[in-house]
Number of protein chains: 2
Amino acid sequence: MPHFSPVTPDIIQHLIAILGAEAVSTARAEIELHAQDQSHHPAHDAEVVIFPTTAEQIAAVLKLANERCIPVTPWGVGTGLEGNSIPLYGGILLSLERMTRIIEVHADDFQVTVEPGIGHKDLNAALARYGLFFPPDPGANATVGGMLANNAAGIRTVKYGASKDNVLRMQVALADGRLIRVGSRSVKQSSGYDLLHLFVGSEGTLGVITEATLKLVPIAAHMSAIVASFADVEAAVQTVVAVRGSGLDPAALELVDAAHCRMLRETEGVDLPDHPTLFMEFHVALPEALESVIESVKAICEEMGALRIHTATDAAERKRLWHARHASYEIMVRSHPDQKFFINDVAVPISQYPNLISTIERVKAEMGITAYMIGHAGDGNIHVEFPYRSPDDFAKAMEANGRIVQRAIELGGTATGEHGVGIGKAKYLPMEHGEGLDVMRAIKHTLDPNGILNPGKIFLES
Amino acid sequence: MPHFSPVTPDIIQHLIAILGAEAVSTARAEIELHAQDQSHHPAHDAEVVIFPTTAEQIAAVLKLANERCIPVTPWGVGTGLEGNSIPLYGGILLSLERMTRIIEVHADDFQVTVEPGIGHKDLNAALARYGLFFPPDPGANATVGGMLANNAAGIRTVKYGASKDNVLRMQVALADGRLIRVGSRSVKQSSGYDLLHLFVGSEGTLGVITEATLKLVPIAAHMSAIVASFADVEAAVQTVVAVRGSGLDPAALELVDAAHCRMLRETEGVDLPDHPTLFMEFHVALPEALESVIESVKAICEEMGALRIHTATDAAERKRLWHARHASYEIMVRSHPDQKFFINDVAVPISQYPNLISTIERVKAEMGITAYMIGHAGDGNIHVEFPYRSPDDFAKAMEANGRIVQRAIELGGTATGEHGVGIGKAKYLPMEHGEGLDVMRAIKHTLDPNGILNPGKIFLES
């Protein structure tokens, strides 16, 4: 248990000297706005919320906090799902919400340099006129800084990769107040240790991302959507493997389970059968390729015994087909009034996906609980969504979660595919990483000896 | 300057106890075989060469070496180009040549788990029957372990990424003898610090890779080659940018400069004009797409003022077209008998490529030296090849190299795109990384406090 110092009036004065009075708040409303993310984890109050506008201010705050042993928790927009940005030990809540500038669009390089507080949807809206986009899409309008800190991914990862695959260079403020640059705007670099990827996914425990240069991708000129339903998950997953093996390079390859399809049909009238369904999207540069891709995918689906297949190439029809997948979380929440949701996140090698799914089905049956599955099947990633009302239901969901995580790790997978460790997954890391976790802890101690950076996350003890 | 201990007869006995007598050699022939890579850096003798066959043996050797303060330099097959595997401080040369097994092909996952000593060409030969391949290709039959340690890349990086993008999981032996696993067979992972990419590219200075699970890619069913020549490098590079902006996703996009084209024509009769030439390759899953891709690329090349364009889709014709590029290094060496070559390696953001090239042309002109350029243009990566005979020529090449490296860094690029730091690039890292280099050094000290792992590499002082 770390021994942190409280945020005294003296500290507040120092913060005001660094940031200006308008960027330092102890107002109850601000504290409450930054006490909890979108997860089930309990709220915790910070002692002060600050709104820096420059990297230098962030570095100065960290230097101060490090010298005085005060915890600092970075905050993007609070859309995390594992308590990643909850200020567990109070201290300083460092909001990036005033750092939302696009610093430079390097259009010829397919790159953009941004401040960390910009939402990825806002960024993509601004980039549209260049015909470029930043592909990772976790759903919510998460900030780029938060996405990098958690290595967020989403539905397009199967083609375009996770956040870690779409960043080239960052500026990072270290606990001791140094500002360093990691990575390079050169897409190729073999120049010493890959510090870039050490900070990506470190959830603010090694440093605060103050600037990032992102890789962009040309917006595909032609897209197609294919939705196919199967008798069972095995057939659906074998189709996933076959589609990937064909070299057809899907841009999205999503699984919605039978229970979820039923719920979508019964509550929203979505035209889906009571069967596991794959939602697929393909992006191609040339229109001639589109029909060929659709025909090839249809042939694979038919060979795998698809019960029905819908395809679409025009934008409106594509949107209609994908609506059920895109809105699935909102529809589910709406159809379970008065309930909260706990969302599990695990990933396995694709060959083990059927094993994982059958484990989930078994756990649900044995424990007699309701749960829905939505998965980034192309990546072997699944989310099990547990609705709960009572503490007893929540405890059951937690137990089921534990069994699913353990099974995912046994199958060669991971405790978290894209939500990060935060608070909730810390207890599973020893099982997943063994002595590798000691190496992570040694690096944490090297870069943040006083443990001020986002304490209580990733590691069980801080 | 580190204070290492010599390899005494006592140490030899310990090594024999760990490895068996047949895996420990102090024979002059073995020492000489492992004293120098393919670079210009002077040979250095190790004191003993060992040939472990298991990860546990490697861990035990490191534990011993760490306790006795003896340097250990890992060795793949010696194809490095920056002295990366030269045993600068003597000690133990740890050859991986007896660890060449394919441990498991995970065909449904498009993955393979291998021992580090296998050559990537041998691996791909064995994988052909699965219709899968490991895409990074540095030219020589480098070992997978060496490629990962140096983050090797090559001509297919523009589509498939460098070594770091094609590995999922490794087992690594640490200096203190711990064996850890980093990464995951799950393609998605957000589970703590990315130790995988910390070890990739660390050139054996943080640990020894004892096993790796690689990402594989389906062998493209249909390929096309396009070779186009331009009046000047600007036009060629604008074509590179246009092709990438079109979303056409080239699998290779190489630049050969006018001087090199002339040399290829004059010495080998290769049908190339006296102009900068782009060699391109496209991989597609569907035959219908191939003609469209070729037509689109041709249209772009014509719009950019290409002087001539050759295309090919059948394998024999493709090979013929690409021959000049694939054999360019060998042809160059053959056409400069009695000369050695020093090969520079820098990379910049693609928009700065014309700037970089014109710097190189200026340096050549000002210094009155001969040099050839071959570049992975799609990645902004260039190699300048300097033939030399006398110490004076070599000194000039070194000076030119320094000016080119400095310019690449000024242009937002890197001192090394794919050859690694080794010995030769260490002096440029402070300019490239600033205080980030101190963070690298701190991590090195944390994981290898006695500095036994590949000393003299990456950092100027060990």
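Just so it is clear, the model here is predicted, and its values are computed rather than measured. First the proteins, then the strands, lettered A, B, ... as listed; each starts at 1.
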*Asks:* Between A:L437, A:L206, A:T205, A:V241, which residue shows the highest count of heavy-atom pairs closer than 4.5 Å to chain B?
*Replies:*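 Most pairs with chain B among the choices: A:L206.
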
*Asks:* Return the set of residues passing salt bridge (Lys or Arg N to Asp or Glu O under 4.0 Å) with A:D108 (not counting sequence neighbours), or none when no residue passes.
*Replies:*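 Salt bridge (Lys or Arg N to Asp or Glu O under 4.0 Å) check on A:D108 returns nothing, list empty.
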
*Asks:* Where does B:V421 contact chain A at under 4.5 Å (heavy atoms): side chain, backbone, both or neither?
*Replies:*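 For B:V421, backbone and side chain are both near chain A.
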
*Asks:* Is there a side-chain contact between B:H433 and A:L195 in this structure, where contact means two heavy atoms from C-beta onward sitting under 4.5 Å apart?
*Replies:*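 No, too far: nothing below the 4.5 Å cut-off.
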
*Asks:* Residues in side-chain hydrogen bond (donor to acceptor under 3.5 Å, both in side chains) with B:R156, at least two apart?
*Replies:*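 Not a single residue meets the side-chain hydrogen bond (donor to acceptor under 3.5 Å, both in side chains) criterion with B:R156.
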
*Asks:* Which residues from residues 162-172 of chain B are near chain A, with near meaning under 4.5 Å between non-hydrogen atoms?
*Replies:*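 Near chain A, by residue number: B:K164.
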
*Asks:* If I measure from the heavy atoms of chain A, does B:S296 come under 4.5 Å with its side chain, its backbone, both, or neither?
*Replies:*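 Just its side chain gets close to chain A.
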
*Asks:* Can you tell me which portion of B:H376 sits under 4.5 Å from chain A's heavy atoms? Options are side chain, backbone, both or neither.
*Replies:*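 Just its side chain gets close to chain A.
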
*Asks:* Could you go through the side-chain hydrogen bond (donor to acceptor under 3.5 Å, both in side chains) check for B:S190 and A:E418 one step at a time?
*Replies:* CA-CA 5 Å; B:S190 279; A:E418 56 181 16; over 6 Å; no

*Asks:* Heavy-atom distance under 4.5 Å to chain B: side chain of A:L447, backbone, both or neither?
*Replies:*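 Interface part for A:L447: side chain.
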
*Asks:* Walk me through it: do A:T446 and B:T446 pass the test side-chain hydrogen bond (donor to acceptor under 3.5 Å, both in side chains)?
*Replies:* CA-CA 7 Å; A:T446 299; B:T446 299; 2.6 Å; yes

*Asks:* Where on A:T157 is there a heavy atom nearer than 4.5 Å to chain B: the side chain, the backbone, both, or neither?
*Replies:*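 Side chain only.
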
*Asks:* Can you list every ring pair (Phe, Tyr, Trp, His ring centres under 6.0 Å) pair that touches residues 147-194 of chain B, not counting sequence neighbours?
*Replies:*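 Every ring pair (Phe, Tyr, Trp, His ring centres under 6.0 Å) pair that includes a residue of residues 147-194 of chain B, provided the two are not neighbours, is A:F459-B:Y193, B:F133-B:Y160, B:Y160-B:H283.
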
*Asks:* Ignoring hydrogens and angles, tell me if any N or O in the side chain of B:N151 forms a donor-acceptor pair with the backbone of A:Q189 under 3.5 Å.
*Replies:*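 Flag set: sc B:N151 to bb A:Q189 pair under 3.5 Å.
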
